[in-house]
Colleague: 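Got a structure here, written out as structure tokens. Questions coming.
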Amino acid sequence: MRSETGNRHTGIVAGDSGTVVIEAEGVNAAFNAAAVERLALQGPAWLGDLRRESWAVYERTPLPTTSLEEWRYTEVSQLSLDAYRLTEEPLTGAPSGNGGNPGVASARAMLEGREASGRVVIVDGALVEASLDRSLEEQGVVLSDLLSAAESHPELVREYLGREVTPEFSKFAALNGALWTSGVFLYVPRGVQIDKPIRVARWLTRSGIAIFPRTLVIAEPEARIDYVEEFASEDFEQPVLSCGAVEVIAKDAAQVHYVALQRWGRGVRHLSMQKTIASRDADLDTLVVNLGSDVARVDLHAWLDGPGARSDMLGLYFAEGDQHFDHNTRQDHKSPNAQSDLLYKGALYDSSRAVFRGIIRVHPGAQQTDAYQTNRNLLLSNDARADSLPNLEIEADDVKCSHGATVGQLDEEELFYLMARGIPRAQAERLVVFGFFGQVLDRLPMPGVVDELREAITAKIG
């Protein structure tokens with residue numbers, strides 16, 4: 001498949017020796033198609049078929065362009081789909097096999113001193129270790145790499161993997177479906193309450209590579225989970241691509257909190273496709289924090305799939321330099337008497353840019369829907385820019401829905417009040433930013449994690 005306009009090529013063409021070449025803005029980036037088959041031969045046959053099907057969708061799906069509403073403000077060329085190589089790491093790795101990688105110590109350090117019921121360490125796309133409290137294992141909780149889970153619990157993984165973030169979700173979702181390696185699987189049986197968070201640390205050490213994280217979380221009825229996933233690295237001179245997918249399923253009356261803290265170093269391009277399913281009377285809250293990377297694009301789709309379902313969708317982002325953050329959200333109300341509330345806040349320095357695009361969709365018959373969507377942006381320089389596009393699509397007549405967005409400068413009166421009490425301007429600005437973010441952090445019912453997020457934001461702001 002190929003389209004041409006002048007010297008610009010966008011699409012898929014066949015290369016030599018089984019290579020597939022992605023052409024974007026006239027620059028070629030080779031992904032070896034044989035890598036899909038290599039991965040497909042690992043694990044059960046049905047999993048290999050899923051990979052092949054995803055690759056087929058990827059090949060026939062064109063790259064998005066700015067002519068599409070969902071990509072109007074983010075050039076695919078910023079994602080730099082060129083000159084990447086796939087890692088040759090195995091899908092799972094023992095600590096002894098990664099002992100020489102300095103990133104292992106850095107990844108483990110991310111978890112030191114953090115309260116946790118389970119821990120997963122992933123470096124350069126390879127799972128190094130996964131551990132879970134014995135008491136939870138005895139209750140039937142499963143925390144493992146996704147490939148092992150596909151072999152030991154095929155009835156669970158086969159039913160849910162790729163059911164929500166399908167290859168048709170987007171071209172990048174199809175790419176992940178074909179090439180994921182650093183997968184994490186968490187299963188919590190009916191009624192099991194996990195009091196301390198499950199934590200995943202993902203660390204990168206190598207430039208010029210592409211990694212494909214995958215997360216699948218299943219909470220059976222009346223289960224409770226806090227899941228915290230953190231992405232970090234040093235800065236890179238050559239670009240790195242992280243193209244991830246997350247599926248979170250909360251069944252009847254389950255309670256799930258999912259937190260993603262992205263603080264990659266500069267040089268990383270971060271893509272994440274996330275979909276959450278909240279069934280009858282389930283609470284499923286998400287918090288997405290973007291602090292690092294050059295370009296971050298997050299697609300978050302919340303599906304309210306049963307009466308009484310509730311979902312809080314929280315987001316924070318702090319950008320500086322020429323960082324570009326793009327958030328594309330969707331609140332789908334399929335069932336009546338469900339609630340969703342989205343609050344995304346961002347602060348921007350220098351010439352950074354943020355894009356927010358959100359839609360609340362109320363399906364026919366979803367009466368008594370209660371849904372809100374708010375995006376607030378604080379510009380800390382004259383060159384920073386934020387674009388906010390909230391939307392409503394309502395097909396029921398007994399609902400409460402609203403949306404709002406603001407883009408504004410620092411309040412000089414607030415700064416004057418602080419500076420008049422001897423606080424230097426730079427510190428006063430930081431205090432105002434923390435106050436601005438406080439409304440989001442205060443809504444996350446995970447006090448220890450909130451303290452960690454405040455530390456990360458403090459480090460970012462300096």
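All values derive from a computational prediction rather than experimental measurement.
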Colleague: Applying the side-chain contact (heavy atoms from CB on, under 4.5 Å) criterion to Leu186, which one of Val256, Leu216, Val141, Ile218 satisfies it?
Modeller: Val141
Colleague: Do Phe325 and Val355 have side chains that get closer than 4.5 Å, going by heavy atoms?
Modeller: no
Colleague: Among Val120, Val121, Val228, find the one that has a side-chain contact (heavy atoms from CB on, under 4.5 Å) with Leu111.
Modeller: Val121
Colleague: Got a sec, which pairs hit salt bridge (charged side-chain N to carboxylate O under 4.0 Å, His left out) with one end in residues 237-249, sequence neighbours left out?
Modeller: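 Qualifying pairs: Arg214-Glu247.
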Colleague: Could you go step by step and tell me if Glu222 and Lys251 meet the salt bridge (Lys or Arg N to Asp or Glu O under 4.0 Å) rule?
Modeller: CA-CA 8 Å; Glu222 300 176 1; Lys251 297 189 180 181; over 6 Å; no
Colleague: Given side chains that start at C-beta, do those of Arg263 and Met110 come closer than 4.5 Å, heavy atoms only?
Modeller: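 Touching, per the 4.5 Å side-chain cut-off.
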Colleague: For a 4.5 angstrom cut-off between non-hydrogen side-chain atoms, does Ile194 reach Leu136?
Modeller: yes
Colleague: Does CG belonging to Asp398 count more than 12 external heavy atoms closer than 6.0 Å?
Modeller: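 Correct, the count exceeds 12.
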Colleague: Which residue pairs pass the side chain to side chain donor-acceptor pair (under 3.5 Å) test with at least one member in residues 183-193, sequence neighbours excluded?
Modeller: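 Side chain to side chain donor-acceptor pair (under 3.5 Å) check on residues 183-193 returns Tyr187-Glu220.
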Colleague: For residues Asn176 and Gly244, report the shortest heavy-atom separation together with the two atoms involved.
Modeller: ND2-CA, 3.6 Å
Colleague: Could you tell me the separation between the OG atom of Ser233 and the NE2 atom of His270, rounded to the nearest 0.5 Å?
Modeller: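 One gets 11.5 Å once the value is rounded to the nearest 0.5 Å.
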Colleague: Tell me, please, which residues at least two apart from Asp370 pass side-chain hydrogen bond (donor to acceptor under 3.5 Å, both in side chains).
Modeller: Tyr372
Colleague: How many angstroms lie between atom CZ of Arg353 and atom OG of Ser351, to the nearest 0.5 angstrom?
Modeller: 11.5 Å
Colleague: With the side chain counted from C-beta on, respond yes when His257 and Pro445 share a heavy-atom pair under 4.5 Å apart, and no when they do not.
Modeller: yes
Colleague: Let me confirm one number: the CG-CG distance from Leu314 to Asp341, rounded to the nearest 0.5 Å.
Modeller: 8.0 Å
Colleague: Closest approach of Arg72 and Arg357, non-hydrogen atoms and distance?
Modeller: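 Where Arg72 meets Arg357 most closely, the heavy atoms are N-NH2, 4.1 Å.
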Colleague: Ser106 versus Val104: any side-chain heavy-atom pair under 4.5 Å?
Modeller: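 Result no, sub-4.5 Å side-chain heavy-atom pair not found.
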Colleague: Between Arg224 and Asp226, is there a salt bridge with N-O shorter than 4.0 Å?
Modeller: yes
Colleague: How many angstroms lie between atom CG of Leu241 and atom OG of Ser293, to the nearest 0.5 angstrom?
Modeller: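 Going from CG on Leu241 over to OG on Ser293, the span is 11.0 Å.
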Colleague: Please confirm whether Lys345 makes a cation-pi placement over Phe437, using NZ or CZ under 6.0 Å from the six-membered ring centre and within 45° of the ring normal.
Modeller: no
Colleague: Judged by atom type as modelled, is there a donor-acceptor pair below 3.5 Å linking the side chain of Asp124 to the main-chain atoms of Thr205?
Modeller: yes
Colleague: Minimum heavy-atom separation for Asp145 to Leu127, with atom names?
Modeller: CB-CD1, 3.4 Å
Colleague: Do Asp397 and Gln367 get their side chains close enough for a donor-acceptor pair, meaning under 3.5 Å?
Modeller: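 The criterion, which ignores hydrogens and geometry beyond distance, is satisfied for Gln367 and Asp397.
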Colleague: With a 4.5 Å limit on heavy-atom distance, are the side chains of Leu348 and Leu380 in contact?
Modeller: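 Of all side-chain heavy-atom pairs linking Leu380 with Leu348, none is under 4.5 Å.
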Colleague: How far apart are the C-alpha atoms of Gln255 and Leu284, what are their side-chain angles, what is the distance that settles it, and do they pass the side-chain contact (heavy atoms from CB on, under 4.5 Å) test?
Modeller: CA-CA 6 Å; Gln255 297 180 49; Leu284 207 171; over 6 Å; no
Colleague: Under the side-chain contact (heavy atoms from CB on, under 4.5 Å) test, which residues partner Thr215, sequence neighbours left out?
Modeller: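 With neighbours one apart ignored, the set is Arg202, Val217, Tyr227, Glu229, Val246.
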Colleague: Using the salt bridge (charged side-chain N to carboxylate O under 4.0 Å, His left out) rule, collect all pairs that involve residues 311-323, keeping only residues at least two apart or in two chains.
Modeller: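 Listed once each, the pairs are Arg266-Asp322, Arg310-Asp312, Asp312-Arg443, Glu320-Lys460.
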Colleague: Apply side-chain hydrogen bond (donor to acceptor under 3.5 Å, both in side chains) to Asp442 and list each qualifying residue two or more places apart in sequence or on a separate chain.
Modeller: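 So Asp442 forms a side-chain hydrogen bond (donor to acceptor under 3.5 Å, both in side chains) with Arg454.
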Colleague: Decide whether Gln262 and Asn290 meet the rule of one side-chain donor and one side-chain acceptor closer than 3.5 Å.
Modeller: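 The criterion, which ignores hydrogens and geometry beyond distance, is satisfied for Asn290 and Gln262.
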Colleague: Step by step, would you call Ser352 with His324 a side-chain hydrogen bond (donor to acceptor under 3.5 Å, both in side chains)?
Modeller: CA-CA 6 Å; Ser352 59; His324 182 106; over 6 Å; no
Colleague: Just to verify, what does Tyr344 make a ring pair (Phe, Tyr, Trp, His ring centres under 6.0 Å) with, not counting sequence neighbours?
Modeller: His327, Phe356
Colleague: Compare every heavy atom of Cys243 with every heavy atom of Phe172, then report the nearest pair and how far apart it is.
Modeller: O-SG, 3.4 Å
Colleague: Between the side chains of His403 and Thr374, does any donor sit under 3.5 Å from an acceptor?
Modeller: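 No, because no side-chain N or O of His403 sits under 3.5 Å from a partner of the opposite role on Thr374.
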Colleague: Is any side-chain heavy atom of Tyr258 closer than 4.5 Å to one of Asp285?
Modeller: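 A side-chain contact under 4.5 Å is absent here.
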Colleague: State whether the side chain of Ser388 and the backbone N or O of Asn375 hold a donor-acceptor pair below 3.5 Å, judged by distance alone.
Modeller: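 Not a single qualifying donor-acceptor pair exists.
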Colleague: Tell me the closest heavy-atom pair linking Ala174 and Pro167, and the distance in Å.
Modeller: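 That closest heavy-atom pairing would be CB-O, 3.5 Å.
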Colleague: Under 3.5 Å, which donor-acceptor pairs do the side chains of residues 412-422 form with other protein atoms, sequence neighbours left out?
Modeller:
residue: Glu412; atom: OE2; partner: Arg425; partner atom: NH2; Å: 3.3
residue: Arg421; atom: NH1; partner: Tyr417; partner atom: O; Å: 2.9

Colleague: Sub-3.5 Å donor-acceptor pair from the side chain of Gln139 to the main-chain atoms of Ser135, do we have one?
Modeller: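 Yes: the side chain of Gln139 pairs with the backbone of Ser135.
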Colleague: When you check the side-chain N and O atoms of Ser381 and Asp350, is any donor under 3.5 Å from an acceptor?
Modeller: no
Colleague: Just jot down the ring pair (Phe, Tyr, Trp, His ring centres under 6.0 Å) partners of Phe318, sequence neighbours excluded, or say none.
Modeller: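 Phe318 satisfies ring pair (Phe, Tyr, Trp, His ring centres under 6.0 Å) with Tyr349 only.
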Colleague: Test of understanding: with ring pair (Phe, Tyr, Trp, His ring centres under 6.0 Å), list the residues that count as partners of Phe236, not counting sequence neighbours.
Modeller: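 For Phe236 there are no ring pair (Phe, Tyr, Trp, His ring centres under 6.0 Å) partners, ignoring immediate neighbours.
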Colleague: Locate the shortest heavy-atom distance separating Thr181 from Gly125; write the atom from each residue and the value.
Modeller: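 Scanning both residues, the minimum pair turns out to be OG1-O, 3.3 Å.
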Colleague: Measuring only between side-chain heavy atoms, which start at C-beta, is Leu261 closer than 4.5 Å to Leu291?
Modeller: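 They are in side-chain contact.
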Colleague: Determine whether a donor-acceptor pair (N or O, by modelled atom type, separation under 3.5 Å) exists between the side chain of Thr166 and the backbone of Arg163.
Modeller: no
Colleague: For residues 295-309, which side-chain donor-acceptor pairs fall under 3.5 Å, sequence neighbours excluded?
Modeller:
residue: Arg297; atom: NE; partner: Asp299; partner atom: OD1; Å: 3.0
residue: Arg297; atom: NH1; partner: Glu70; partner atom: O; Å: 2.8
residue: Arg297; atom: NH1; partner: Asp326; partner atom: OD2; Å: 2.9
residue: Arg297; atom: NH2; partner: Glu70; partner atom: O; Å: 3.3
residue: Arg297; atom: NH2; partner: Asp299; partner atom: OD2; Å: 3.0
residue: Asp299; atom: OD2; partner: Asn328; partner atom: ND2; Å: 2.8
residue: His301; atom: NE2; partner: Asp332; partner atom: OD2; Å: 2.6
residue: Trp303; atom: NE1; partner: Asp305; partner atom: OD1; Å: 3.1

Colleague: Going from CD on Gln331 to SG on Cys401, what distance comes out if it is rounded to the nearest 0.5 angstrom?
Modeller: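 Between Gln331 CD and Cys401 SG, I get 9.0 Å after rounding to 0.5 Å.
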Colleague: Answer yes or no for Lys171 and Tyr58: cation-pi contact, defined as NZ/CZ to six-membered ring centre under 6.0 Å and angle to ring axis within 45°.
Modeller: yes
Colleague: Looking at Glu452 and Arg199, is any side-chain nitrogen of the basic one under 4.0 Å from a carboxylate oxygen of the acidic one?
Modeller: yes
Colleague: Does anything in residues 359-368 pair up under salt bridge (charged side-chain N to carboxylate O under 4.0 Å, His left out), and if so which pairs, sequence neighbours excluded?
Modeller: Arg361-Glu393, Arg361-Glu395
